[in-house]
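Counting starts at 1 for both ligands and their atoms, in listed order.
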Amino acid sequence: MSKKAVRGTLLDCIADPWLAGDERKAVRYLPDGVLVWQDGLIIAIGPADEVLRAHPDVNPEDYSGELIVPGFVDVHLHYAQTRIIGSFGRQLLEWLQIFTFPEELKFRDKSYADEVAGLFFEVLLACGTTTVQSFATTHPNSVTAFFEEAERLGIQALCGLTGIDREGTAPDAYRDTPESFYEGSKELIERYHGRGRCIYSISPRFAFGSTTEQLRMAGKLASEHPDLPIQTHLSENPAEIESVLEFFPDCGDYLEVYEKHGLVRPRFVAGHSIYLSEDEFRRLGEKGASVAFCPASNLFLGSGFFQWDRANHYGVRWGLGCDSGGGNTLSLLRTLDDGYKVGMLQVVTSDREKCEESLRLSAIKALYAATLGSARSLYLENQIGNLEVGKAADFVVLDTGASRVLDERRGSDRPRTSLEAACHQFFGLMMLYVPDVVKATYSSGNRLFDRNNR
Ligand SMILES: [Zn+2]
C-alpha cells in the first residue's frame, strides 16, 4: 500500500504527566507537523519540512490550523444501551431494572443487535473514539453483532459475552447460567479473538449479578486464556456494595470477590472503583490491574467521585470510559468535562490539599487520560495511545473553532501558536464541546468519519 499523510498541529502524550514533574515534558507538540503511515501503521512523525524532505513521495491531507491528537480510547461502556441513553431519575440498581434490562433483552434478536451495533460505531467515530472496550448482553448475538461491525470497519474493539445469572438481580428471561456463560464465551473467543483488530474480553457483569458458580467459570476462562482482558464493575454504588458483601460473606471487601475467583491480574479493568479502601487500591496496584474512570456516568447516576490521586499513589493504571448509557454521552471529550469537575469538587471538599495539583485535570492530563493512559490500562500502549512510529494510525482531527463561542474564545490564539495555546484550545474543546469539534476520525489510517460527508 502507498504511503499516506496528514499535516496539521500534532499533539500527543509520550509519558505520564502525573509522573513527569513538569507536565509539558509529557507531550510532543509539533505546531506544523506531518504524520505519515503505511499499511495502517505510522512510519514517520515530525516537523513538516523535515518529514516532507524525507518522504518526498507523500502528498499530505491538509489540516493546517487544526489540532490532530491520537484517537480516543474508551475502556468502559455498554454499546447495547445506546438507545436508552439519558434515562431519567434513577440510581444504578433501579436504573438497571427499569431501563437497561428491558432494552438489553432485545439483543436476543440478531437483526436488532446488528442495527444498534451499526448505529453505535457510527456515533462513536463521530466522537473521535478509535478504540473501545464494551460490554454486550447475555446473548451471543450481541457479541457477534459488535465484532462483525468492528471487523468490517477495522476498528480496535474489545467486547465479551456479559454474564449475569443471580436470581432476583435481572429478569429471568435475561439471566444466563454459569454453563451457558462459559460455553458461549469459549465459542466467541475462538471465533473473534484476534480477528482484525478484535480482542475478546472476559466479561462477568459484576459480583452483584453473578453467583459464585458463574465467577468460577469466569476464573476458568481466565486461567485457560491468561492473556485475555477481563472487564467488570467494582464499587460503583453504596447499595450495590452492601448487597455484594451480603452475597459473599466470606469476602472482606468487594475486590476480594474477584480476587478469590482468579480474575484480578494485568488487563483486569474494573469500572468505577469509587468506594475503594486504601488496601483495595494497593492490591489492584500490586496485581497490575486497572480501573475505569467514568465521570459522566458517576455524575448522571449519582454514584460518586472516583479519586484518581489515590489510584496514582498505588500505581494503579486507570483509563477513561463514557459508560454509556449510564453516562449520558458517547463522547470522551464531554466525559472529560465531567472528569474535570469531579476533580475540582474534590479540590474544594477534600482535606487532601496536597493533592490539589494532581486533582486539577489540565489539558495535558486530560489528553493523557483519554489516550495513552487508557491504552496503558488496557495494556495496549505498544499499539495505540499516541502517534509513535510503529503504532496504529488512529487519530482525530479537531476543529478548535467549531462553534461561535469556541471561535470567540480562541481569537487569534491558534493551536499552532504555542503549546500553551494548543492546550488552552484542547481544554476549550472539553469544556465547550459541540459535536462539530470532531472534523475527521482515522482508524488504521482510514478516514472512517468525515464531518464534511455526513
Ligand atoms: Zn458499566
Is the ring centre of [X] less than 6.0 Å from the ring centre of [Y]?
X      : Y      : value
Phe427 : Tyr340 : yes
Phe206 : Phe135 : no
Phe395 : Trp37  : yes

What distance do His225 atom NE2 and Ile230 atom CD1 have between them, rounded to the nearest 0.5 Å?
->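 That separation rounds to 11.0 Å.
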Partner set under side-chain contact (heavy atoms from CB on, under 4.5 Å) for Gln97, not counting sequence neighbours =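 With sequence neighbours excluded, Gln97 shows a side-chain contact (heavy atoms from CB on, under 4.5 Å) to Phe101, Pro171, given in chain and number order.
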Leaving out waters, which are not shown anyway, how many protein N, O or S atoms lie closer than 2.8 Å to the Zn ion (ligand 1)?
->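 If we list every protein N, O or S atom nearer than 2.8 Å to the Zn ion (ligand 1), we get 4.
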Got a salt bridge between Glu148 and Arg152, using NZ or NE/NH1/NH2 to carboxylate O under 4.0 Å?
->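 Salt bridge flag = no for Arg152 with Glu148.
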